[in-house]
Amino acid sequence: MKRLLLVLTSCLLLTACTKQQILDRSTLFLVSALDNAPNGQLEVTLGLTKFKAGDPGSVSDEFFSKVGHTSSGITDLMNMQLVRPINPGKLSVVLFGKDKAAHGLSQELDVILRNAQYSRRMYLAVVDGEAKKLLEGNFSSGEEKGLFLYNLFDTNTRKGLIPSRNLHQFEYSLVGKGIDPFLPLLKMQNGKVAITGMALFKDDRYVVTINEKQARIMKLLMNQTKRGIFEAKLGEGSYVSIDNTGSKVNYRIYKNSRYPSVMINLVIEGKVRDSREVTYPNQELRRIEESIKKDIRTSGLELINLLKEKEIDPLGLGDFVRSKTRNWSEEAWKEMYPSLNVRLLVTVHLTETGVKK
Amino acid sequence: MITVPQIWNELKESSDFVCLQFETQTEPYFIGYFKSLTDPEVLDQRIMASLSMEPETPLDDLYPLIRVADKEISSDLSQIHNKLLRGYVAIQHGLHHPKCILVNAVLSKSRDVTIPEIEFNVEGSKEAFVESLDTNLNLIRKRIPISALRVKEIIVGSVSKSRVAICYMDGVTNDQYVNTCIQRLENIQFDMIPDITVIQQLIEDNSNSIFPQMLGTERTDRASWGLTLGQVCIFVDGSPTAMLGPVSLGSFFTSYEDYFLPWIIGSIMRLIRIISVVFSVFASAIYVAILTYHGHGISNIFLPTIISSRIDVPFSPVIEVLIMELSIELLREAGARLPSKIGQTIGIVGGIVLGTAAVQAALTSNFLLIIVALSAMASFTMPVFQMSNVIRIIRFPFIIAAQIWGLLGIYICAIAVITHLLRLTSLGMPYLVPFYPLRHKGLFDTLIRPPLSKFYQRPGFLRTKHPIRFDKKHASKKKDIDE
């Protein structure tokens, strides 16, 4: 009994060892923006949330920014302006200004990757312009901007058309060999925020942008997808749109010759959604399939050539070859990559044409 | 050396003891009894009538004339003394004669068999045990009319002299359990046995545990089912509850109604019960842990809901939870102490009025109110009342551990509880069986309610002498008459 009491009292003494962060007594932020500041400094903008009692629908935010050398130092200094201490645990979206991204992100990401409190599922994005300016714009029609942006990325990556890259995946492609990271690119268009394409990185530096059409092709070449519409031109201004019901992609490596070659095999299943001119698409299925195939193949090869030209590998072809090759060397791969033979095989099956006769 | 007249004199100190002197020509008859314990009808019509018809017969000749089945001639003074105190009538011929006729004229007042109040079932029989041991044994015998049902009676309690009956199935129940029960009952050193729960506490393997190691039931069908499976069943005169043992933790999750429903429905009910108990134990502790330490664990969709309901609450989560849990316990206690009609009013006033007012006054969050109310409701799904008390109490250490160490605290606390359960035994049988030690066949009747035709074996962990209940081959065949 005495021993038990001793254990229990020592438990109570240990309570001070853990830091309490009562959720509603700390200031949360869901979105933060990082920009370059003069003299090699960093400007951090945090969207601090304000909740209203009894009304979960109305969450507002207030933006605080500060210039300093490290982001955690800046965050700590911001506490001076706040009644409740900052709790970084809910950070869900980090935006980088284009300049910042071009200078390299690994230093800034270190603080996030080091701290276990940050969610690995947070989204990172590059802003075309200054990230702080984008956040200050009024684009979410009253909704909290962090939540808005989080939902924007969530919907578009999980259910939509852009390749997904959360913190965990970004870190993998940043640290991994034979693979380069990429992030969605945000832009303010007519007062609305839109994902206008992807920012492709070489190591941790932003190098080139691709547009949303290319981003969509990239997603097809990377993941299994179940969504998306393809438009195909059937000549003389007649268009047909195909709903993607499931696409599969697999990579193959051929090592017969001295240099390996990679074949990307893409199979798309789809159904006709909207056929403006063709009255009986049943008889035209082959033609439509051919047309879409050609379209995807051309733009796919274009994209791959662009990647080879810039010597970046967001698709992770190097990573794939590494997994199939004994004694793979990164230097040799990098040297060979621009002249790598990548073949793209596209198959399109149209399974149905809808209920209309 | 005590003599019969001394017994008369001693008992006469109580004003309800009567010692009649029936004069005859030779020696007078002395008739002693407690008028508070005897049935005047038996006394008048059976005893006094035969005495007055043949007033001159000696004692031995009088004996066959008394038309009562339960009677004897005894010269054992302590037996005379005890039987008088149980409502027997003693007849002595001549003051110094050592022999007495003892006639049973016990006036037994007991309420009628009523519907079960605690373990109420929608389906199934509606008879519950009552306070009279004989009635209870009658109810059991009627359900198991075979000679293998054995009843052993022991007197326990130096003051209350309670009759305790141990029932078991000969050839089925493991002798070890029966002998353990008898031995522990005989070893009881206690004066007053008002209820079977007192016996339970006295004979349990670990009386410092909050977990009941015997299963109390007021349902006759549950008790007879337990006997059939090979459990021991204990009754005490004066208690409307039977006690089954040995039990495992799993048996507290089974409601007897499960067996009356189709097996799929019964199994789902059982699963729901297990889930609700887990929820009930952990919900408010997890609330404390998440809000105090692990705020980043809440998804973005829930975040506004939780924070906006709590932002005006002046208490820290643990104080808020403790206040709410205590007020629910308060409502429960108040409801239990009051007559049922007023109890309902308490429920309405406490539950609805206080709950709404507490939220409006920003003393608690809506979210917590839902969690606390749900977990209180979930704890009521426990079919055995003793276990639902345990569920009520056990969440408090979890809440405090959650405040001290967050989710790690809940984990540590759960380990402590599981360790305790692992060490616990019921009449020597491990309490966590069939999970530990693992018994695959036992899982069959713990996690799910097996189809009756597949339930042809008694649970292996009861170590019965005859593990087969019925022939499996014949059970699955349907012998339709037109085939």
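Throughout, protein chains are lettered first and strands after them, A, B, ... in sequence-line order, and every chain is numbered starting at 1.
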Partners meeting salt bridge (charged side-chain N to carboxylate O under 4.0 Å, His left out) with D61(A) (sequence neighbours left out): none
Where along residues 422-432 of chain B does a heavy atom come under 4.5 Å of chain A, listed by residue number? none
Side-chain heavy-atom pair Q21(A), H294(B) within 4.5 angstrom cut-off: no
Counting neighbours of CZ on F211(B) that are heavy atoms of other residues, nucleotides or ligands and sit closer than 6.0 Å, is the number greater than 12? yes
Taking the side chain as every heavy atom from C-beta outward, state whether L303(B) and L28(A) have any atom pair closer than 4.5 Å. yes
Rounded to the nearest 0.5 Å, how far does CG of N300(B) lie from CG of L147(A)? 5.5 Å
With a 4.5 angstrom heavy-atom cut-off, which part of R121(A) approaches chain B: side chain, backbone, both or neither? neither
Pick one of side chain, backbone, both or neither for L408(B), based on which atoms fall under 4.5 Å of a heavy atom in chain A. neither
Exactly one candidate in I306(B), I307(B), T305(B) meets side-chain contact (heavy atoms from CB on, under 4.5 Å) with F51(A); the answer is I307(B)
Contact list (residues 82-93 of chain A to chain B, heavy-atom gap under 4.5 Å, by number) returns R84(A), G89(A), K90(A), S92(A)
Does anything in residues 308-328 of chain B get under 4.5 Å of chain A by heavy atoms, and if so which residues? S308(B), R310(B), I311(B), D312(B), V313(B), P314(B), F315(B), S316(B), P317(B)
Looking at E333(B), I want to see if its CD is surrounded by more than 12 non-hydrogen atoms of other residues, nucleotides or ligands under 6.0 Å. yes
pair P304(B)-T49(A): side-chain heavy atoms closer than 4.5 Å: no
